[in-house]
J.: 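Got a structure for you, written out below as structure tokens; questions coming shortly.
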Amino acid sequence: MSAPIAVGLDGSPESMAGARWAARDALRRNLPVRLVHVWNWHPHPGETSDGLEAQRHWAQRIPREAAAELTREYPALEIVIDQVGGQPAAVLPVVAEEAELLVLGSLQAKGISGFLVGSASLATVACAERPVVLIRSGETAQDEHQPDEAGLASTVTPYRDVVLGLDLARPCDELLESPSTQLCNAPRGCASSIAGSCRRPTSTATQRSAALRNPLS
């Protein structure tokens, strides 16, 4: 079985936006989606077993309901649901290790920042050795495509380019050659643009930059 695209779910609209993005990407790449909810139980003083069961039932609903919604929207999608106990900041990097990439939702922010990232997401991005994708709340399929000739949103126009931010003074071969970078471009039929910063880029880095700008040529 191919490594899945994993999604961290917490029941929020932004995590569901991430799940939809993951579903579309998984179908393009013929990969399964793994929906993961990290359940960190906080017992209250005097809480009964009924209270614990209610918490568990609520937690189990999150991946189940997300899977049902994705199945309705994307019937051909292969979905695996999973619930893992522990702290999200500790569990999600492990989930990422077992996946092609990990998708997390992010609150949409105005201005330069663009994203509001929670502590668990921030820790995951910092620790994970596999690619982590942050999806803004409200992200739709049209946002992945270029506007049409009239400037309107579309799902049939070419995909937007993928931009890689590199520090060419540091090793970047692993990112440039990673399956995720190549697979991200191939099914979309789009190019990669590179934004880099260094004092004097090497000829090798320059050649790699040129190759990624036209990966399908």
Side-chain angles (χ1 to χ4, degrees), residues 1-41 59-60 62-67 69-70 74 77-109 113-137 139 143-144 162-167 170-188 192 212:
M1 179 178 178
S2 300
I5 295 178
V7 183
L9 291 173
D10 60 7
S12 65
E14 52 269 20
S15 72
M16 197 61 211
R20 291 191 177 94
W21 185 94
R24 295 190 295 270
D25 203 47
L27 288 173
R28 282 191 292 264
R29 298 163 62 171
N30 195 27
L31 295 174
V33 165
R34 181 190 180 195
L35 302 177
V36 180
H37 176 245
V38 182
W39 182 45
N40 185 24
W41 174 50
Q60 290 173 344
I62 293 176
R64 283 205 310 263
E65 292 180 355
E69 191 167 340
L70 291 179
Y74 310 98
L77 182 66
E78 181 182 351
I79 303 174
V80 177
I81 61 175
D82 200 0
Q83 190 172 42
V84 183
Q87 295 284 346
V91 173
L92 290 175
V94 177
V95 171
E97 284 294 317
E98 302 168 350
E100 182 62 36
L101 58 86
L102 173 65
V103 182
L104 301 175
S106 171
L107 289 171
Q108 187 167 10
S113 59
F115 291 91
L116 290 176
V117 182
S119 58
S121 296
L122 189 62
T124 301
V125 171
C127 297
E129 296 184 5
R130 301 292 297 160
V132 179
V133 178
L134 298 178
I135 300 299
R136 292 188 179 98
S137 58
E139 187 86 6
D143 295 323
E144 301 175 31
V162 175
V163 178
L164 302 179
L166 305 176
D167 179 355
R170 299 177 181 272
C172 56
D173 286 358
E174 185 175 354
L175 173 61
L176 296 176
E177 297 173 356
S178 71
S180 293
T181 299
Q182 304 301 326
L183 286 173
C184 188
N185 294 330
R188 295 169 178 260
S192 286
L212 275 180

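Residue numbers run from 1 in the order of the sequence given.
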J.: Determine whether V7 and V36 make a side-chain contact, defined as any pair of heavy atoms from C-beta on separated by less than 4.5 Å.
T.: no
J.: Say you draw a straight line from CD of Q83 to CZ of R64; how long is it, rounded to the nearest 0.5 Å?
T.: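 Output value for this atom pair is 9.0 Å.
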J.: Please report the closest heavy-atom contact between L9 and A66, naming both atoms and the distance.
T.: CD1-CB, 3.6 Å
J.: Nearest 0.5 angstrom please: I5 CD1 to E78 CD, how far?
T.: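 If I round to the nearest 0.5 Å, the distance is 11.5 Å.
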J.: Would you indicate whether the side-chain heavy atoms of V94 and E98 approach each other to under 4.5 Å?
T.: yes
J.: Closest heavy-atom contact between S2 and L31?
T.: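 Closest approach of S2 to L31: CB-CD2, 3.5 Å.
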J.: Considering non-hydrogen atoms only, spot the tightest contact between P88 and P93 and give its length.
T.: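 The answer is O-CD, 4.1 Å.
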J.: After noting the C-alpha distance and the side-chain angles of R34 and E100, does the key distance pass the salt bridge (charged side-chain N to carboxylate O under 4.0 Å, His left out) rule?
T.: CA-CA 10 Å; R34 181 190 180 195; E100 182 62 36; over 6 Å; no
J.: Can you tell me how far apart CE (M16) and CH2 (W21) are? Round to the nearest 0.5 Å.
T.: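 Answer for the CE-CH2 pair, M16 versus W21, is 14.5 Å.
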J.: Show your working on side-chain contact (heavy atoms from CB on, under 4.5 Å) between I81 and H37 and close with a plain yes or no.
T.: CA-CA 8 Å; I81 61 175; H37 176 245; over 6 Å; no
J.: Which atoms form the tightest heavy-atom contact between A19 and L35, and what is the distance?
T.: CB-CD2, 4.4 Å
J.: Can you name the nearest heavy-atom pair linking G18 to V103, along with the distance?
T.: O-CG1, 3.4 Å
J.: Do D10 and I62 come close enough that some side-chain heavy atom pair is under 4.5 Å?
T.: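 D10 vs I62: side chains apart.
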J.: Taking the side chain as everything from C-beta on, heavy atoms only, tell me whether Y74 gets closer than 4.5 Å to R24.
T.: yes
J.: Given salt bridge (charged side-chain N to carboxylate O under 4.0 Å, His left out), test E14 with R136 step by step and report yes or no.
T.: CA-CA 6 Å; E14 52 269 20; R136 292 188 179 98; over 6 Å; no
J.: Show the nearest heavy-atom pair for residues L92 and L102, with the distance to one decimal.
T.: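 That would be O-CD2, 3.7 Å.
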J.: Any side-chain heavy-atom pair from L77 and L27 closer than 4.5 angstrom?
T.: yes
